[in-house]
2 protein chains.
Amino acid sequence: MDVMDSIDRTASKIAAAIGEPARARILYCLMDDRARTSTELSAVAEVGTSTASAHLHLLLKARLLKVVAQGRHRYYSLAGPEVGRILEGLSAIAGTMSPKFIPSTPNRLRAARSCYDHIAGSLGVTLHDRLLKLEWISKNGEGAAYAISPKGRAKLKEIGIEIVDLEGRRRHVACGCLDWSERRSHIGGSLGAAILSLAFRRKWLLRDLDGRGLTQTSLGRQEFRRCFGIEPSN
Amino acid sequence: MDVMDSIDRTASKIAAAIGEPARARILYCLMDDRARTSTELSAVAEVGTSTASAHLHLLLKARLLKVVAQGRHRYYSLAGPEVGRILEGLSAIAGTMSPKFIPSTPNRLRAARSCYDHIAGSLGVTLHDRLLKLEWISKNGEGAAYAISPKGRAKLKEIGIEIVDLEGRRRHVACGCLDWSERRSHIGGSLGAAILSLAFRRKWLLRDLDGRGLTQTSLGRQEFRRCFGIEPSN
DNA sequence: TCCATGATTCGTTGTTTAACGAAGTGTCAT
DNA sequence: ATGACACTTCGTTAAACAACGAATCATGGA
């Protein structure tokens with residue numbers, strides 16, 4: 001009975017965290033699964049940066065948000081899918097409006113882009129998520145680093161990437177790299193570099209004139225699909 | 001965009017309603033689907049009756065609770081299953097504890113009892129819910145009254161109850177009657193009376209010595225199951 | 001009818017907390 | 001190094017609101 005009470009109490013704390021208008025605006029803004037910076041969220045919440053900082057701190061403590069520090073930016077995002085579900089549920093009660101009107105997953109896709117020496121943009125994020133889903137890589141590594149599974153090694157070897165060649169250097173073999181425009185992780189580290197270099201070599205991707213943009217060739221579309229099971233997006 | 005904002009705002013209001021400790025205690029206490037009075041809930045929330053009244057008013061406005069007036073009592077209960085789901089969801093996030101530990105549906109069953117001239121207690125409630133589920137009765141009637149469906153008439157006739165004989169009197173043919181101990185509706189009106197009288201006549205139920213309690217016979221268990229599909233409870 | 005009891009409304013008090021600006025910390029660029 | 005920028009921490013103020021007791025309304029029983 002005592003345990004139950006404490007659950008109720010923390011549940012109530014969580015509800016209270018959502019129950020403040022400025023914080024609710026922050027949370028619902030983050031429902032598209034993109035990470036945003038403190039200052040951006042202060043604009044969304046329509047409060048000063050210091051106030052937003054306090055709100056974000058509280059939301060972190062309530063385990064509704066998580067944060068990733070990247071340089072002098074701190075990217076905040078929803079702590080997990082359960083949080084999104086709670087928010088959807090509340091909206092569902094709120095309006096007679098059906099939950100499908102809530103701006104959750106559907107998101108405008110952005111073009112591929114390079115980030116230093118690996119693939120960023122929507123393609124980079126898709127690839128990143130896909131490798132995790134396929135369990136070629138897993139989050140078991142230290143920090144933001146990913147571990148490569150035996151299956152991943154085999155499959156990547158088939159494609160033409162030898163993991164052993166990438167190991168033993170100072171650089172991580174694979175790690176999540178937060179994307180400036182997508183605000184989600186894409187695949188970085190020497191594996192990310194190897195994939196981009198492979199894609200250039202095989203003419204899956206062409207470098208744009210501005211040096212950062214990438215264009216996927218029709219061959220590239222086919223090959224990304226064949227190798228990773230990625231549906232042609234745009 | 002404006003519509004979205006308003007949804008967020010009311011969602012935030014709902015969360016705020018849950019986010020006050022006293023109100024959270026009230027809500028989680030009501031998760032067993034039983035209606036409770038204002039004074040009882042004030043005890044649960046550990047506040048005075050006037051404070052509880054204010055909280056209950058707010059929860060009504062937030063559409064998290066509904067209320068049924070019965071004499072000088074007002075029975076409060078959760079507004080719907082979505083509310084329970086939200087509360088469960090919050091608890092799920094709150095603890096690492098799994099949602100199944102939340103005291104939602106499983107509830108100690110109470111013995112059958114008579115309420116004036118019809119069946120109350122757990123059996124009465126079960127019967128009430130069953131008749132609705134089978135769609136022999138529906139909530140289309142005025143107020144707390146139920147309408148009897150054609151199917152219901154036919155099935156009840158098979159059992160030995162002629163609805164036409166019950167109609168045209170001042171009394172409702174069927175209506176929900178809030179149970180003092182179960183705090184949930186059982187089946188009242190002349191249909192309720194007819195069922196109890198039938199159960200006595202056929203020795204499905206025996207009146208206890210105290211005059212209010214009812215004992216289900218083994219024949220009764222069989223027959224309630226055969227006629228209404230009610231599983232033998234205790 | 002009158003009284004007892006459940007429940008709500010009202011007015012007051014005290015606590016909580018959201019908001020801001022100013023000052024402090026850390027990171028990138030020149 | 002030094003300035004610019006992103007972000008947080010601190011101290012203060014003002015508004016929101018939960019709590020209570022007293023008064024009021026409503027219902028059921030004597």
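Quick note on labels: first sequence line is chain A, next is B, and so on, each numbered from 1. Remember, it's a predicted structure, so these values are computed and weren't measured experimentally.
- Residue A:Leu58 places its side chain closer to C:dA18 than to any other of D:dG21, C:dC20, C:dA18.
- A:His55 places its NE2 atom 14 Å from the P atom of D:dT9, with the value rounded to the nearest Å.
- The base of D:dG21 lies close enough to the side chain of B:Ser50 for a donor and an acceptor atom to sit less than 3.5 Å apart.
- Checked against the 6.0 Å centroid criterion, the rings of A:His128 and A:Tyr146 qualify as a close aromatic pair.
- Nucleotide D:dA15 holds its P atom 16 Å from the CD atom of A:Glu20, rounded to whole Å.
- Side chain of B:Arg72, nearest nucleotide from C:dT27, C:dT5, C:dA7: C:dT5.
- Base contact: A:Thr51 has a heavy atom under 4.0 Å from a base atom.
- Across D:dT8, C:dA7, D:dT9, the shortest atom-to-atom separation from the side chain of B:His73 is found for C:dA7.
- Checking each of B:Leu132, B:Ile137, B:Ile119 against B:Ile187 for a side chain to side chain contact (heavy atoms under 4.5 Å, CB included) leaves exactly one that passes, namely B:Ile137.
- Closest to the B:Ala22 side chain, of the nucleotides C:dT8, C:dA19, D:dA19, is D:dA19.
- With hydrogens and angles left out, the side-chain atoms of B:Glu88 and B:Ser91 include no donor and acceptor closer than 3.5 Å.
- Residue B:Ile26 contributes atom CD1, which lies 14 Å from atom C1' of C:dA7 at whole-angstrom precision.
- Remark: P of D:dA16 and CZ of A:Arg23 are 16 Å apart, rounded to the nearest angstrom.
- Regarding A:His57, its NE2 atom lies at a distance of 18 Å from the P atom of C:dT25, rounded to whole Å.
- Atom P of nucleotide C:dT16 and atom NZ of A:Lys13 are separated by 11 Å, given to the nearest angstrom.
- With B:Glu20 contributing its side chain and B:Ala17 its backbone, the two residues share no donor-acceptor pair below 3.5 Å.
- Taking every heavy atom of both residues into account, B:Ser42 and B:Gly48 meet most closely at CB-O, 3.9 Å.
- Residue A:Arg74 places none of its side-chain N or O atoms closer than 4.0 Å to OP1 or OP2 of D:dA6.
- In this structure, B:Glu46 places its CD atom 10 Å from P of D:dC20, rounding to the nearest Å.
- Residue B:Thr49 is in base contact, counting any heavy-atom pair closer than 4.0 Å across all strands shown.
- Within 4.0 Å (heavy atoms only), B:Ser38 reaches sugar-phosphate atoms of the nucleic acid but no base atom.
- A:Tyr76 places its OH atom 11 Å from the C1' atom of D:dA6, with the value rounded to the nearest Å.
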